Amino acid sequence: MRLFKKTADIQRFLTDQAVENVGFVPTMGALHQGHLDLIRKSREQCAYTVASIFVNPTQFNNPADLEKYPRTIGADIRALEASSTDLLFLPEVSEIYPAGYRSPHYELGSLESLFEGAFRPGHFQGVCQVVDRLFEIVRPNRVFFGQKDYQQCMVIAKLLTARPAFHSIQMQIIPTRREADGLAMSSRNLRLSPAERQQAPAIYQTLQWIKTEIRPGNLLPLMEAAEQQLRSRGFRPEYISMADAQTLEPVNLWDGQQPLVALVAAFLGEIRLIDNLVL
Ligand code: AMP
C-alpha cells in the first residue's frame, strides 16, 4: 500500500500513474469492520482503491469530542494493508485547509436543521468542506459511504448534485455493520466503559421494537414509548424519530405506505451514539 501525507504528492502520483476507475473511502480512522466493508466493496467494483484517514476538525461541534476521538493509526494501516487497499491518504490539517482556504457555504436545505443538523450545528458544513476537498484531491470515480450515517449520505448526495465537477462520481451506500449483539460498529464505541458497552445494544433493540410495533396512524405515542424505553436503559436521547426514508422529513402521521426510517441519537455517559433502521 502506498501512503501519502501531502496533497501535492498524492495528486502527482495519481496523475502520473493515470489510474482509472478509482474507488474512494474517506474515514476518520479507528477502523472497524464497517469501514473495511466499504473498502471491500470498492475493491470489488474498482480497479484502484484509495482510503483516507483524517479527523476533520471542522465537523466537530464539541471540542472535547474532537480531542478524545480515538486514534489507532498503526492498527489502521495494518488493517488497510490486510484488505489490499492500494493507497492511503493521511494528511495533516494544513494539507486539507491550507493557509488562505475559504470555505464555501453549502446549501443543504432542511438537512441542516433536522436531526443531526439540529443537534450538531455546523456539523454538515464541516462534512461538506472535507468531502469537497478530498474529492477534489483524489478525483474518484466511485465513493463509498455507510448507511450508519444515514443523514450524512443524503448530504453527500446533495453535494454531488450541487458540484458540476462531481457529477460523474457515483456514490454507493453500504449497509450498517453491527456487532453480534446488534450494536452498530462505530469508532466511538472504543470510548464506552465496560458497563456502557453492555447497555449500548439497547439502542438497536429499541429500533427493532419500533419496527415490530409500528402501525399506520399517529406515531407520536410509539416514539414517546421508545424514548422512555431508552431512558429506562440508561440513555439520554437527543431524538428518536420516524422520517420519510427519501427526504428525511419527519413523519408523525403514517399512512402505512410511505417508506420510513427510524433515526436515533442518544448519549450513554459522555458518548453520543447514533443509529437508524429502515422500516
Ligand atoms: P467515520 O470514520 O466514522 O467518518 O466513517 C467513515 C465511513 O464509514 C462513513 O461513510 C461511515 O458511514 C462508514 N461507517 C461507519 N460505521 C459504519 C458501520 N458500522 N457500518 C458501515 N459503514 C460504517
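In listed order, ligands and their atoms are each counted from 1. In this chain, numbering begins with 1 at the start of the sequence shown. Owing to the predicted nature of the structure, the values given are computational and were not obtained by experimental measurement.
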Practice item. Any atoms of ligand 1 less than 4.0 Å from a non-hydrogen atom of G34? List them with their elements. Key: 18 (C), 20 (N), 21 (C), 22 (N)

Exercise for review: For the pair E116 and R272, find out whether any cationic side-chain nitrogen is under 4.0 Å from an anionic carboxylate oxygen.
Suggested key: yes

Practice item. Quickly, which of R177, R43, K148 forms a salt bridge (Lys or Arg N to Asp or Glu O under 4.0 Å) with D37? Name it, please. Key: R177

Exercise for review: For residues F115 and Y150, establish whether the separation of their ring centroids is below 6.0 Å.
Suggested key: no

Practice item. Considering the heavy atoms of P175, write down every atom of ligand 1 situated less than 4.0 Å from one of them. Key: 20 (N), 21 (C)

Point to revise | ILVMFWY cluster, L88 and V19 together (side-chain gap under 4.5 Å) | key: no

Review point. Do any nitrogen or oxygen atoms of T27 lie less than 3.5 angstrom from nitrogen or oxygen atoms of ligand 1?
Key: no

Check your understanding: Any N/O of M185 closer than 3.5 Å to an N/O of ligand 1?
Key -> yes

Review point. To the nearest 0.1 Å, how far is atom 5 (O) of ligand 1 from its closest protein heavy atom, and which atom is that?
Key: H35 NE2, 3.4 Å

Revision key, fill the gap. Within 4.0 Å of some non-hydrogen atom of M28, the atoms of ligand 1 are 1 (P), 2 (O), 4 (O)

Exercise for review: Would you mind listing which atoms of ligand 1 come within a distance below 4.0 Å of any non-hydrogen atom of T176?
Suggested key: 19 (N), 20 (N), 21 (C)

**Study point:** Over-ring placement of R163 relative to F135, 6.0 Å and 45° cut-offs
**Key:** no

Review point. Does at least one non-hydrogen atom of H32 fall below 4.0 angstrom from an atom of ligand 1?
Key: yes

Review point. Can a salt bridge be assigned to the pair R178 and D275 using a cut-off of 4.0 Å between side-chain N and carboxylate O?
Key: yes

Review point. Can E136 and R133 be counted as an ion pair, charged N to O under 4.0 angstrom?
Key: yes

Practice item. May I ask you to identify the nearest protein heavy atom to atom 20 (N) of ligand 1, giving residue, atom name and distance to one decimal place in Å? Key: R177 N, 2.9 Å

Check your understanding: Under a 4.0 Å N-O cut-off, is there an ion pair linking K5 with E92?
Key -> no

Point to revise | Nearest non-hydrogen protein atom, atom 12 (O) of ligand 1 | key: D149 OD2, 2.6 Å

Exercise for review: Look at atom 10 (O) of ligand 1 and say which protein heavy atom is nearest, naming residue and atom and giving the distance to 0.1 Å.
Suggested key: G146 N, 2.9 Å

Practice item. Measure L38 to ligand 1 on non-hydrogen atoms and call it side chain, backbone, both or neither using the 4.0 Å cut-off. Key: side chain

Exercise for review: Mark up the atoms of ligand 1 that fall under 4.0 Å of a heavy atom belonging to P26, in ascending order.
Suggested key: 6 (C), 7 (C)

Check your understanding: Step by step, would you call R78 with E81 a salt bridge (Lys or Arg N to Asp or Glu O under 4.0 Å)?
Key -> CA-CA 5 Å; R78 286 192 293 279; E81 262 173 336; over 6 Å; no

